[in-house]
Structures are given as structure tokens and as C-alpha cells.
Amino acid sequence: MTTAAPASTALSTADRLARALADPSTVWPGGRPDGGRSWPQSLAGGASGIALLHIERARTGHGDWDTAHTWMVAALHGDISAAANANLYFGAPALAFITHRAASSSSRYLRVLERLDTATLTVTRNRLAAAHQRINRAERPPMEEFDLIQGLSGLGAYHLSRHPHHEITQDVLAYLVRLTEPLPAPDTLPPWWMDVAPTGIPHADYPGGHGNFGLAHGIGSTLSVLSKALLHGLTVPGMADAVERICAWTDHWRQSDETAPWWPGQITMQQTTDNQVHSRLRPRPSWCYGVSGTARAQQLAGLALGDPARVQDAENAVLATLRDPLQLAKLPEIGLCHGMAGLLHAAWRMATETDSPEITAELPRLANHLITALNRSDHEPELLDGAAGAALALHTLGTGSASAPAWDTFLALA
């Protein structure tokens, strides 16, 4: 791909990938997989994630609604979970998320959306009740309480996109504010510090738990959701203070200099004692834990707080990464979560937010690396780590837009 025509090449590659993902019977010749993130109602690995690709293409006039409908039927097949394990990436909330995008361009999904919305409201209220009870007990949060993939930051991202002025949205934002308020504990750890390993369970390598910066499982998604709410003009008490508390913590642990800052993906109790993060612990520039996600959250926070220096630091971090072959080499995968597609889309989102010509100029080269990797071999079809996610990132770069409601809400990038 040349710098003269990045959009057309990106779009043609996305078209090719989407055509290969058009028919569930050819994507999964032996039938739909059943289990874990491959369940139809899983946004990460199931039919609902591939449906999101085709919904976005249909919305922008680059695909047809029949294909999108076929995948939505596949995603809605079987019993839909609205139990305690339901979240933005699984069950009724995940299906509500994709149906909201489809219904915003087609009235035929409104009744389905209403039922999914009702179930998602119930899930959210139950999760909020449990979270407030935990805070009342002055206990540290489990990962699944507040993170993006399993928890209330993810549910908050959905409600903020679906109905920003609904009571449930206010309630989730109020909880996220409360999450940042100090617990009555005799230490200086932040209130979102978890007594578990990054896997979400205790581990001997994390005797004091860990603090998580990432967008997938850490405070980065909370920072993003609260910042977006401020930018929407919502006025939940204490919201700006909550953003500033999170920023104070991330500022303390920001590494390197102003031209190429980075943030840890996580820190341990020992690192807080030593007040040091070694450079070898710098995470690769992925969305889930690396600069693809953490810099976007910082940019949003800077915009929400009216802090141009923070915005510039965030953009410098991404720009330095895009220009560093050693950092790019750490992302050989294609996906949104762990790979090049996540960095490409986060950088595109940041560039379009503030009309940054420097970041924009670096995108064709990264897109070319992604296309080369996609041409090299077959890949899993899924959204989070596979071809569907890469196609969405290239489609967005090719069309130059991601209309509201934004498909990348599930990544806390919009």
C-alpha cells in the first residue's frame, strides 16, 4: 500500500475479508462452535462479533443488510444469558450492543432491542447492587466488578452509547465515581487495586494483588467511560474529581520522557514499595494493556478536563510508537486486542479526534503491515483477535468514518 492511496487499499482488503466471512456455514463448516468465547452470543469470538462487522458495512453502504441479518440470527440463536455472567462481551448486553447499532439504521430490530435492553437493565442493576455492597464492606474490588469486558465499565459504555440520559446510565456513572473514592484502609493503594493476579484469581506471583492500567481489565476503561460522559455534558456529582484521581495515579506511574511516554500495563505490590517500574516491563503497544488503549484513555481525559498538555502527551505516546520499529515488531498478531488492528484503530480514533496530521501520516505504513500479515496465512474469524476485527479497523480507515453509535464503544475507544 502506498501513502498516496491508503484508503482504497484498506477498504478493498476489508471487503475481501468480509466476503470470506459472509456465510456462517462456510466460516464454521462443521456448525457453530459452542463453548466459551465461541458461543454465538459472545462478542469476542462468536457470531455476534462477526455480525458487528457486517452491520457496520451495511450502515456505511459497503455491505448488505441480508448478510448482517443472517449473522444476527446466528448470534441470537439459543438461550440468551441474562445471568450474573452476562456483560458487554457476552449474553444479553452484547446482543443489545450489536442490535442497537443495527436498529439505528433499520426499524425492524426495535422490538428485539427493547427485550434485550430490558434484560441488560436488570443485569446492570444487579451488578450495581453487588458492587455497592462490596464498597460498603470496605473490600477491594474483584476484576469482574468494574472492568470493561466483564464488569460495570463495559455496561456503562453500552448505556452511555444507548441512552446517555437514562437513570441507569447515571447510576453506573455514580458507581464508577464511587469506585475511585478512597477505601478506609491503612495504605496508599488506590481503591481500584485488586487483591488478585491479572488472571482475576489469587496467584503466588502477586502476593499483594495488582493495580491494572489497561482498557480490557483495568482502570483505563473507567477513565475512558467517565471522560466520555463528561464530554457528553453529563453532570453526575464528583465525575471530574474521579477522572482527576485516576489521572493522578497514572501520572505517578507514567514512564519515559514527554516525547515518548508510556504507562505500565500493571504494577505489583513490590513495585509500589520500590516506587519503580523497570523499562523491561513496558507492555507491548496493544489495545488491552498497552499504549493503544492507555494513550486513548489519556487523550479523552485531557479533552474532558480541558488539559491540552495531557492530550499532547497521549498523542506523543502513540506517535512515538508508530515511528518505532522495535515497538511495532512486538505486535505480529492481526487482532484488535493483542495485535496491529488495535493499534491502527486506536491511532485512527486519536488522529480524527483532534485532527492530528502527524498521526494520520503514520497510519498507511501500519495498515500495510497489517495487510501483509493478513495475506500471509489463514486467521481465526473472530472479532477480538481475528479477521473480523482486522476487517473493521481497515474498513474504518478506508471509509474515514465510524458513525454514532460507534462500533468501537466495546473497546472503550469511543
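Positions are given from 1, in the same order as the sequence printed here.
Checked against the 6.0 Å centroid criterion, the rings of Trp249 and His252 do not qualify as a close aromatic pair.
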Let me check something: any side-chain donor-acceptor pairs from residues 386-394 under 3.5 Å, sequence neighbours excluded? List them with distances.
none

Side-chain polar contacts of residues 223-232 - donor-acceptor pairs under 3.5 angstrom, sequence neighbours left out - could you list them?
| from | atom 1 | to | atom 2 | distance (Å) |
| --- | --- | --- | --- | --- |
| Ser224 | OG | Ala412 | O | 2.6 |
| Ser227 | OG | Leu223 | O | 2.7 |
| His232 | ND1 | Lys228 | O | 2.9 |

Taking only distance into account, with no hydrogens and no angle test, what donor-acceptor pairs under 3.5 Å do side-chain atoms of residues 193-206 form with protein atoms, sequence neighbours excluded?
| from | atom 1 | to | atom 2 | distance (Å) |
| --- | --- | --- | --- | --- |
| Trp193 | NE1 | Gly208 | O | 2.8 |
| His203 | ND1 | Asp205 | N | 3.0 |
| Tyr206 | OH | Gln266 | NE2 | 2.8 |

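Within the 4.5 Å cutoff, the side chain of Ser48 has heavy atoms near those of the Leu43 side chain. Taking the side chain as every heavy atom from C-beta outward, Leu128 and Ile168 approach each other to under 4.5 Å. Using a 4.5 Å heavy-atom cutoff, the side chains of Pro285 and Lys330 are in contact. Looking only at side-chain heavy atoms (C-beta outward), Leu121 and Arg125 come within less than 4.5 Å of each other. Taking the side chain as every heavy atom from C-beta outward, Asp385 and Glu333 never approach each other to under 4.5 Å.
Pairing each heavy atom of Leu363 with each of Trp348, the nearest pair is CD1-CA, 3.8 Å. Heavy atoms only, all atoms of each residue included: Ala22 and Trp71 are closest at O-NE1, 3.1 Å. The two residues Thr70 and Pro24 come nearest to each other via the heavy atoms CG2-CD, 3.7 Å. Of all non-hydrogen atoms in Pro190 and Arg140, the two that sit nearest each other are O-NH1, 3.1 Å. In terms of heavy-atom proximity, Arg59 sits nearest to Ser105 at NH1-OG, 3.2 Å. When all heavy atoms are compared, the tightest approach of Ala94 to Phe90 is CB-N, 3.4 Å.
For His395 and Thr60, the side-chain atoms include at least one donor-acceptor pair closer than 3.5 Å. Between the side chains of Thr399 and His62, no donor-acceptor pair is found at a separation under 3.5 Å.
Note that CG of Leu370 is 12.0 Å distant from CG of Leu328, once rounded to the nearest 0.5 Å. With rounding to the nearest 0.5 angstrom, the CD1 atom of Ile219 is 9.0 Å from the CG atom of Asn212. Of the inter-residue distances, the one linking Arg254 atom CZ with Phe213 atom CZ reads 12.0 Å to the nearest 0.5 angstrom. In this structure, the separation between CD on Gln255 and CG on Leu281 is 9.5 Å, given to the nearest 0.5 Å. The CD atom of Gln312 sits 9.0 Å away from atom CG of Leu319, with the distance rounded to the nearest 0.5 Å. Atoms CG and OG, from Leu215 and Ser286 in turn, are 10.0 Å apart once rounded to the nearest 0.5 Å.
Of the possible polar contacts, one joining the Gln41 side chain to the Asp79 backbone as a donor-acceptor pair under 3.5 Å is found. Listed for the Asp408 side chain is no donor-acceptor partner under 3.5 Å among the backbone atoms of Leu411. At least one donor-acceptor pair closer than 3.5 Å links the side chain of Arg296 to the backbone N or O of Leu413. Side-chain atoms of Ser221 come within 3.5 Å of backbone N or O of Gly218 as a donor-acceptor pair. With hydrogens and angles disregarded, a donor-acceptor distance shorter than 3.5 Å links the side chain of Thr122 to the backbone of Thr118. Remark: the backbone N or O of His165 is not paired with any side-chain donor or acceptor of Thr169 at under 3.5 angstrom. One N or O on the side chain of Gln271 and one on the backbone of Thr268 form a donor-acceptor pair closer than 3.5 Å. For the pair His379 (side chain) and Ala373 (backbone), a donor-acceptor distance under 3.5 Å is present. Under the 3.5 Å distance criterion, the side-chain polar atoms of Thr352 are matched with a main-chain donor or acceptor of Arg349. Looking at Ser356, its side chain never comes within 3.5 Å of a backbone N or O of Ala351 through a donor-acceptor pair.
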Go through it in stages, so that I can follow the logic: the residues are Tyr158 and Asp117, the test is side-chain hydrogen bond (donor to acceptor under 3.5 Å, both in side chains), and I'd like the CA-CA distance, side-chain angles, deciding distance and then a yes or no. CA-CA 10 Å; Tyr158 167 73; Asp117 242 345; 2.6 Å; yes
Can you list the steps and then say if Gln327 with Val291 is a side chain to side chain contact (heavy atoms under 4.5 Å, CB included)? CA-CA 10 Å; Gln327 287 299 309; Val291 73; over 6 Å; no
Apply the test side chain to side chain contact (heavy atoms under 4.5 Å, CB included) to residues Glu353 and Leu300: give CA-CA distance (whole Å), side-chain angles for both, the deciding distance (0.1 Å), then the verdict. CA-CA 9 Å; Glu353 187 81 56; Leu300 287 171; 4.2 Å; yes
For Trp407 and Leu383, run side chain to side chain contact (heavy atoms under 4.5 Å, CB included): C-alpha distance rounded to whole Å, both residues' side-chain angles, the deciding distance at 0.1 Å, then the answer. CA-CA 12 Å; Trp407 69 261; Leu383 176 67; 5.6 Å; no
Checking Met340 against Ile371 for the side chain to side chain contact (heavy atoms under 4.5 Å, CB included) test, could you report, in this order, the C-alpha distance in whole Å, the side-chain angles of both residues, the deciding distance, and whether it holds? CA-CA 10 Å; Met340 287 178 272; Ile371 291 169; over 6 Å; no
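Residues forming a salt bridge (charged side-chain N to carboxylate O under 4.0 Å, His left out) with Glu144 (at least two apart in sequence, or on another chain): none. For Arg111, the side chain to side chain contact (heavy atoms under 4.5 Å, CB included) test picks out Arg115, with sequence neighbours left out. For Arg282, the salt bridge (charged side-chain N to carboxylate O under 4.0 Å, His left out) criterion is met by no residue, not counting sequence neighbours. Remark: Tyr89 engages Phe410 in a ring-ring contact (aromatic ring centres under 6.0 Å, His included) (not counting sequence neighbours). Partners of Asp147 according to the salt bridge (charged side-chain N to carboxylate O under 4.0 Å, His left out) rule, which considers only residues two or more places apart in sequence or in another chain, do not exist here. In this view, Trp263 satisfies the ring-ring contact (aromatic ring centres under 6.0 Å, His included) rule with no residue, not counting sequence neighbours. Arg57 pairs by the salt bridge (charged side-chain N to carboxylate O under 4.0 Å, His left out) definition with Asp15, not counting sequence neighbours. Every residue meeting the side chain to side chain contact (heavy atoms under 4.5 Å, CB included) condition with Ala83, not counting sequence neighbours, appears here in chain and number order: Ser81, Asn85. Every ring-ring contact (aromatic ring centres under 6.0 Å, His included) that His69 has, sequence neighbours left out, goes to Tyr109.
No more than 12 heavy atoms of other residues, nucleotides or ligands sit less than 6.0 Å from atom CG of Asp378. At most 12 non-hydrogen atoms from other residues, nucleotides or ligands lie less than 6.0 angstrom from CD of Glu114.
With Val236 as the fixed residue, the side chain to side chain contact (heavy atoms under 4.5 Å, CB included) test singles out one of Val172, Asp171, Leu173: Leu173.
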